[in-house]
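These notes are about the structure you will find just below.
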Amino acid sequence: MKTNDGFVPITAIFYAVFHPIQGTKIVHQVPEDAIGGLTEIEQDKDVLFNFDTVKNYIIPKPHLCNRLVSFKIKEHKVVGFPVNIEGSRYARNSFNFNFGFVFPYSANTMPYEAAIARMGKMFQALEEQSNLLSRLDKEQIFFSGEHENLALGSAIEYTPGHERIQKILMLSIESLIHQVYQDLNNYSECCIPIDSATSVDIKLFPVLPPPVDLHAYQVPVLTVKLHLFVDVACDPTMIRILPYINGVNSVRRISELADADYSLTKQCIQHLMHYQCIILVDIFQFSNIYAPTNRIGEFLRAKGMAEDCQAYVVSANSLADFNSLLLSSLTPQSAATPVHDAPSGLAALHSRDNLYKSNPISNSTSAQTPASSSPYLRSAIGSAGGGRGRLEIKIPSKASLFFLFRLLSQGQTLKEWYIQHQKQLQNIDIRRFINFGVIRGIIYRVHTYPILESTTRSLENHEPAKNDVNRLIAHLERGLRRSKDQSENSGAIKTILIDNGDGTGVKEKRTVSFNYHVGTSRRASDLISESSLRTENVDLDVFESESDESDTGEHFNTGRGIVLSGPKGEKLTESEQLEDLEDLRKLAELLKNFQHFDSICTELQKPRGDVERLLDRMGEYSIINA
Amino acid sequence: MSQSSRKKLLLMGRSGSGKSSMRLIIFSNYSAFDTRRLGATIDVEHSHLRFLGNMTLNLWDCGGQDVFMDNYFTSQKDHIFKMVQVLIHVFDVESKSINKDIDIFVKALTNLQQFSLDAKIFVLLHKMDLVQIDKRAELFHIMMDRLQKISNPYQFKLVGFPTSIWDESLYKAWSLIVCSLIPNMNLFNSSLLKLNKILDADEIILFEKTTFLVISSTALIQHQMQLQASESTPGLPDALDPKRFEKISNIIKTYKQSTSKLRANFLNLVIRGSNGLQFYIDVLTDNLFIMIVLKSHDDDSKFVNTHEDLVILDNIKAARKWFEKIENTK
Amino acid sequence: MSYNLPNPSLVGLLLAVSTHNGPQIVYHYPPELGNQKLLLLNPDEEAANDDDFDDEDYVEDDSKSMSSETSATNDVGAKFLDKSSDLAGVDADAGSTKLKKLNSATTEDFKSRKETDSSTKGQILGFEPEILAEMLSPPREMCNCRFDIMLESMVFLGLPIHAQPDGSWRPQKARSFRTAARSESVGHGVSAGGSVGHRGSVDDTIDEEPSEPKSQSALSMFNLVFVMNPPKIERSYRTDEMFYYVILKLMFILRYEQHKRNYMWEQVKLISHLKEEFAATPPEDRDYSLSSYLLSGLLLCKMMNHCFASLVASRVAHLNINNKLHSFQIPLKMEFHSLPEVSTPYVPGSYLSSTASFLGETGLVAIGETVRYSGSSLIDQVLGTDIADEQEDDLDEDEYLTSSDELLHLGLLLWDDPETIIKEIKAKSSSPIATFIRMIRPTESLLKVYSRLEENYEGRNDLNISSVREFALHLVHWRKARMIPPLNTRGIYIISPMAPIGSRFKRDIAKFNLHFPTIPSLPLFLKSLSTRSKKPRQFATIIPSKDHKDIYLLALAWLVRYGYATQLHTYIWLKVSRKIKMKVEEELEMELGKVLKRGSKSYQNNSEASVTENKIQTAVDNSSKQAGAASAETIEDEIDKLQRRLENAQNAPDIVMEDDSDTILVDPGRASNMERRWINQIIHKECELSPELTAVFYKLLKYMNGRNSLELLLLKENITRAELRKLLLSIESHVISVRHW
């Protein structure tokens with residue numbers, strides 16, 4: 001039982017005071033007679049609980065007052081902010097009151113608590129200024145005889161034109177709590193004027209868990225079209241970084257591209273995470289390894305997942321090719337037309353996702369599906385009449401998608417997987433395919449940790465890990481001499497990935513929204529084609545190395561070397577040597593904390609190939625996939 | 001929780017009758033003025049007060065508002081009225097609704113009868129200062145008779161006092177209330193007399209240290225013994241102000257406060273009266289102050305006096321162990 | 001922070017009792033509580049709330065508090081993660097260090113004067129002891145059920161036990177005494193109060209002998225209060241944990257002791273006696289603090305201290321209550337069946353395996369959550385752990401008939417060597433559980449262990465199968481062992497995605513080397529497990545030679561025990577190819593003589609059918625079937641719509657569904673007619689299985705739903721590997737297999 005906004009409705013509200021003769025009593029409550037035990041008779045009437053039992057928790061001794069106090073009684077929880085105001089003007093030198101909110105005990109009352117405390121404090125202030133509450137009693141019971149008129153006097157001087165207001169107030173606490181009760185339960189907010197100056201103004205906010213701190217190498221993916229909400233009021237850093245949150249750039253990279261301060265960027269992204277506007281994935285590389293989780297079965301079972309996947313991964317490849325022809329002719333304003341009013345089938349298709357509002361992930365699909373496809377469509381429609389050959393977009397079948405997921409496995413890089421299944425992958429945007437799997441938790445990223453022999457040894461012999469840094473530096477000399485032999489055709493992909501980022505960046509500054517998605521997907525696509533081109537000639541040696549079981553480590557290097565870039569293998573100049581020295585030191589640190597490649601690469605801001613070259617020079621190391 | 005030493009005192013009466021005020025004046029060194037600023041007591045205010053070393057006064061100051069009262073007599077009654085040694089019922093003399101006060105009093109008696117038969121009951125007619133002096137005695141007797149009549153059916157013997165926080169009457173009442181709880185009272189008395197014989201002082205008075213309530217004094221004892229003892233020691237009670245003890249309590253206490261403000265600890269005090277009277281106030285035990293009044297027989301030089309002072313103080317030190325023994329007898 | 005990490009957030013323990021002398025705090029631990037002031041939620045939030053009331057600001061400070069909380073929780077998390085000790089996460093003082101000081105509340109001069117004379121007693125959490133005592137001894141109506149008061153963010157949690165007017169402490173009397181309304185609430189209450197009522201009745205059955213000494217004690221109520229300061233977001237979860245796992249059980253034991261032997265009252269009297277003694281001795285010749293003085297003498301105080309210390313350290317608390325040993329713990333979440341999300345922290349060394357879900361069903365093992373804060377409430381698990389508690393007190397057969405027999409096919413991996421465990425659980429070395437513990441091998445399923453027990457002790461074996469299961473669960477529950485699929489050189493092991501590389505690696509490298517000096521270092525060993533450019537291999541392949549087998553298995557056990565390795569299992573589905581379907585259709589046509597419209601659509605529908613089929617079992621009513629179909633339809637429609645749209649636009653490209661050539665049977669156990677036909681087609685026409693293989697096939701058919709691991713099936717349905725391999729080979733083209741843990 002929740003209000004439409006997911007807040008637990010209030011069971012009852014009451015206003016209690018400490019009456020100098022009668023003692024603690026409820027003055028008003030809503031709903032009427034919710035709380036019993038005020039008089040003997042009510043004992044057996046069915047009431048929430050017996051007020052008499054808890055009166056000392058509702059108006060406690062002064063020491064406990066003026067703070068948020070909540071307690072359990074029967075199956076209910078009462079949250080209140082008992083206020084105790086001292087003052088010689090009062091009959092017993094003090095005035096105590098409390099607005100008590102009753103909830104079911106199991107309820108999560110956190111959203112209310114701050115509001116209740118604020119309400120208490122506000123009425124405390126009002127009472128102190130103008131005896132707003134104490135004045136309400138007809139026979140002024142709360143005031144000590146000599147101060148009585150003073151009390152009223154003070155009221156007059158504090159609230160100008162108070163007669164009118166006071167008239168309202170005479171009956172208002174009752175109506176006030178009534179309205180609070182109604183409004184909060186129906187609209188989860190209320191704004192009720194008290195007098196000319198003040199009003200009870202409550203809005204409930206869900207209390208979300210604090211975000212964990214994220215890592216430089218993680219990649220945020222938007223789950224909502226944030227760029228639609230951006231306005232001048234937004235945090236400047238947020239505005240800066242937003243364009244670069246495209247599901248490709250790592251946090252570090254985003255801060256570089258946007259040239260925003262890293263820690264600020266991180267905070268912004270944490271906030272986005274806090275409000276569930278983004279999900280984190282890992283950097284997409286063809287050197288990554290993915291494997292199915294125990295939830296892969298859900299792809300077949302879970303309602304709608306397969307459909308989502310089909311809709312999400314449909315390859316931008318052919319689209320992009322087609323698009324590339326159009327993009328030139330595409331006029332700015334048409335480009336600028338926001339995505340959502342593009343009447344495209346796929347847009348309609350993703351709109352279905354609103355069914356799973358609760359699930360941010362499906363939102364993510366909705367966020368990106370149209371972005372990639374609709375511009376193409378619009379342009380297609382726009383360019384009606386221009387005679388062009390029909391081309392065909394195949395939407396991969398569920399079964400085939402499932403096969404592809406299950407075929408991922410530990411100890412097989414994405415590239416190897418891709419090479420083996422190119423045919424099935426033709427219509428599939430691999431990055432999206434993988435992201436979908438990871439986000440839905442049906443596959444997971446297998447991280448790769450390089451571990452130095454030297455570190456291990458020193459740990460085993462309990463030496464201070466320090467001296468293996470020196471060892472490394474020693475290594476370096478030898479390392480420099482042993483000039484590295486990087487295969488010529490290296491790095492295409494990495495470099496493409498990079499200027500892809502820039503490209504989007506530039507595009508982003510010019511136009512709005514979705515457009516960069518086209519960019520990415522396009523890049524992603526010809527990136528794929530790139531690799532597929534080169535894979536032809538790679539295939540052989542991959543399979544060769546496949547055949548020999550012996551030294552996985554070194555074969556691994558070649559395997560990577562191909563996919564990942566590095567400066568072409570000419571001799572290193574002095575300066576390079578120096579910075580290498582620097583890098584080595586950094587690297588040594590990272591290695592001591594057993595970082596995996598993603599984080600090492602982002603820290604050193606080097607492509608993996610380089611890092612591995614450095615590693616080679618630091619001596620024996622073993623690679624662990626976990 | 002050795003039950004013997006714990007005394008449970010209920011402090012009851014309608015709201016605003018001045019229960020908390022008197023409690024704080026007697027036990028927490030409040031001045032009468034401080035009490036103006038007190039807030040109402042919410043439900044029961046428990047205070048555990050060590051008194052004469054091994055005794056703990058367990059004072060229940062019961063808030064007088066109607067809801068609380070109703071509770072005491074219904075759901076909480078076993079909790080409140082079990083094992084009560086003393087009920088101190090406070091009446092506000094200028095209360096508007098006497099009948100309601102009495103009604104509560106009756107309820108209290110009924111419960112006491114049920115839960116602790118052997119409780120002593122004291123009735124304080126409070127705020128006497130608001131009544132004209134000449135009317136006070138009369139009013140007091142009328143009230144007491146009426147209350148006694150009411151309580152007769154419950155076989156309770158009432159002891160009543162007219163009290164006010166503005167004079168020593170409060171101290172008088174509480175001294176007697178407290179003394180009624182002290183098990184080995186006569187031990188104190190007898191040894192006090194012994195001491196008196198040795199010093200042959202005009203008067204010796206014992207005060208409780210924190211509250212400065214009078215525990216015992218030669219004069220009082222003699223006053224009680226006057227029946228058999230016809231010849232009377234110098235300084236007949238009637239010759240002196242009957243309220244002197246309480247006055248002294250009052251004075252010394254304020255004095256103690258002022259010293260404590262100076263961060264100084266009150267140890268002993270010697271006053272030399274112009275009429276040759278000399279007062280010695282000194283710590284007797286951890287819980288007792290003693291006050292000795294001497295009439296100096298010869299008007300000698302200071303030297304003798306100062307010497308005498310030392311002698312007296314030594315005597316007091318000597319007496320200390322005796323009284324400590326008494327205190328620690330349970 | 002997350003529910004996966006233990007966070008007792010316990011600040012201290014207070015013992016409040018109420019006698020005819022009024023309520024009082026008899027004892028509190030740790031002593032530091034004396035100096036602590038009650039802390040406010042969060043300074044800046046306070047500040048912001050004070051003056052301005054508009055939402056803007058509100059969001060602001062809420063986020064502010066968030067960020068500050070992040071840091072706070074993070075370092076707590078961090079503190080936990082880098083603890084070197086295995087499972088005893090946070091060290092004992094963590095709780096007290098968590099306490100923040102608050103600059104003292106403003107005190108009016110006369111109040112402060114009041115303090116001067118009560119200063120001898122000293123404050124607790126910045127309150128007069130009297131005030132706390134009154135707050136913590138509620139009226140009878142609030143007693144004998146959960147008690148929960150919160151000041152600012154400080155929670156006072158307890159279960160006050162109130163004597164009955166007749167002085168006895170028996171609960172059901174209590175109910176008879178209550179007025180109609182109240183007993184009603186206690187009787188069928190669903191939440192805390194109710195469950196307590198229920199638990200209470202369970203408790204009554206425990207104390208059987210009717211004659212109890214009516215305690216004439218002055219004690220009318222005692223309340224052992226747990227003061228907690230949990231992070232805002234985790235409040236209800238942490239308090240529930242504390243209440244159901246510890247307070248509930250502890251208090252019922254205490255009530256029992258009070259009821260039978262007036263234990264609490266005797267202890268309370270002793271304590272206050274010692275206190276007076278202490279007060280009597282002049283300060284100069286005290287060489288000890290009050291608490292240490294009390295500790296010297298008193299079971300109850302010892303118990304409270306020990307309880308606090310071990311709970312704060314998230315260890316198991318073995319408490320001596322009136323010379324009987326009772327154990328309490330807030331279970332650690334170290335078993336996961338699914339991988340937690342990236343941002344979700346977990347206890348390093350946690351174990352990942354689908355088999356964890358069996359354990360979850362027993363309610364004895366807390367299963368880790370994949371998201372940081374799941375909405376799931378504790379109660380259901382708790383009802384489970386109540387049973388656990390029974391089993392702990394007096395082993396009770398039929399408690400377990402419900403829990404699945406899967407467990408018996410799992411093996412036990414002890415977390416320590418048998419003898420030390422036997423010592424730790426204080427079992428006699430001749431006791432059945434001891435013999436059982438000695439028998440355990442990580443390579444053998446419980447059944448195997450049991451049968452070995454049978455052999456060794458035939459005749460005088462007083463262990464039956466169900467008690468074996470109980471012992472096993474007992475060991476798992478009390479953190480002495482982990483349930484795993486029996487280790488096997490034929491099994492495929494990978495490095496667990498949850499392996500504590502980074503958090504524990506430093507320490508473990510050395511440790512591993514210590515245990516297994518003769519075999520490669522931990523990194524190398526792991527490297528050999530993480531094969532490259534080929535699917536993971538059987539463990540056997542990395543064992544250099546026969547005589548290395550045992551040591552390697554031990555090493556593997558070590559890896560599993562510390563969460564580095566987990567086993568890959570094989571799960572299979574039946575795949576119906578287009579070819580089969582067409583064949584079946586032809587048959588149908590012949591039978592019906594009626595021509596079905598052919599075309600991708602129909603296959604589509606078939607595949608949908610199989611999808612919708614399983615909707616039924618998930619949902620209760622068939623309406624969901626339509627729903628499922630509908631959703632399936634909607635997508636078709638949309639695709640079509642899309643197509644039509646595109647047709648309109650001239651020479652726009654076509655969007656075509658790649659036709660669903662294959663259908664994967666989600667749950668062959670409940671196959672539809674069509675599906676059955678397909679299956680028959682496969683096994684008889686396509687693969688011509690031999691009768692015995694057919695038998696095997698049907699035996700396994702219901703497991704071909706991607707939910708049951710073949711490795712376990714081998715144990716469960718005692719099928720030989722050979723048979724299975726033959727079967728799989730012969731129907732190879734019709735099965736899809738997936739490998740995961």
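Per chain, numbering begins at 1; letters A, B, ... match sequence-line order.
No salt bridge links C:Glu130 with A:Lys61; every basic N to acidic carboxylate O contact stays at or beyond 4.0 Å.
Taking both residues in full, the closest heavy atoms of A:Lys72 and C:Cys145 are given as NZ-SG, 3.6 Å, listed atom of the first, atom of the second, then distance. For A:Arg301 against C:Asn705, the heavy-atom pair with the smallest separation is NH1-O, 3.7 Å. Considering every non-hydrogen atom in both A:Tyr57 and C:Met135, the closest pair reads OH-O, 2.6 Å. Between C:Leu568 and A:Gln410, the shortest heavy-atom contact is CD1-OE1, 3.8 Å. Pairing each heavy atom of C:Ile233 with each of A:Leu208, the nearest pair is CD1-C, 3.8 Å. When all heavy atoms of C:Arg146 and A:Tyr105 are compared, the pair lying nearest together is NE-OH, 2.9 Å.
Atom NE2 in C:His740 sits 13.5 Å away from atom OG in A:Ser409 (nearest 0.5 Å). Between C:Arg235 atom CZ and A:Asn108 atom CG the span is 8.0 Å, to the nearest 0.5 Å. Here the CE-CD1 distance, from C:Met142 to A:Ile73, works out to 4.5 Å after rounding to the nearest 0.5 Å. To the nearest 0.5 Å, atoms CD (C:Glu134) and CG (A:Asn56) are separated by 8.5 Å. The distance from the CD1 atom of C:Ile495 to the NE2 atom of A:His447 is 13.5 Å, given to the nearest 0.5 Å.
Side-chain contact between C:Val738 and A:Phe402: present, with at least one pair of heavy atoms (C-beta onward) separated by less than 4.5 Å. When side chains are defined from C-beta on, C:Leu339 does not count as touching A:Arg295, because their heavy atoms never get closer than 4.5 Å.
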Open item on the list: Determine whether A:Phe594 and C:Ile509 satisfy the following criterion, side chain to side chain contact (heavy atoms under 4.5 Å, CB included), listing intermediate values before the conclusion.
Closed with: CA-CA 12 Å; A:Phe594 307 112; C:Ile509 285 178; 4.0 Å; yes
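By number of non-hydrogen pairs under 4.5 angstrom with chain C, the leading residue of A:Phe71, A:Tyr444, A:Phe403 is A:Tyr444. When each of C:Ser528, C:Ser338, C:Ser353 is checked for heavy-atom pairs under 4.5 Å with chain A, C:Ser338 comes out on top. Ranked by non-hydrogen atom pairs under 4.5 Å with chain A, the options C:Ser521, C:Gly706, C:Ala499 are led by C:Ser521. Here A:Asn294 is the residue among A:Val69, A:Ile451, A:Asn294 with the most heavy-atom pairs under 4.5 Å with chain C. Most heavy-atom pairs under 4.5 Å with chain A: of the set C:Ala510, C:Pro139, C:Ser737, this distinction falls to C:Ser737.
Only the side chain of A:Ile296 comes within contact range of chain C, with at least one heavy atom under 4.5 Å from a heavy atom of that chain. Of the two parts of A:Glu453, only the side chain, counted from C-beta on, holds a non-hydrogen atom closer than 4.5 Å to a non-hydrogen atom of chain C. For A:Gln595, no part lies near chain C; criterion is any non-hydrogen pair under 4.5 Å. Heavy atoms of C:Pro138 lying under 4.5 Å from chain A belong to its backbone as well as its side chain.
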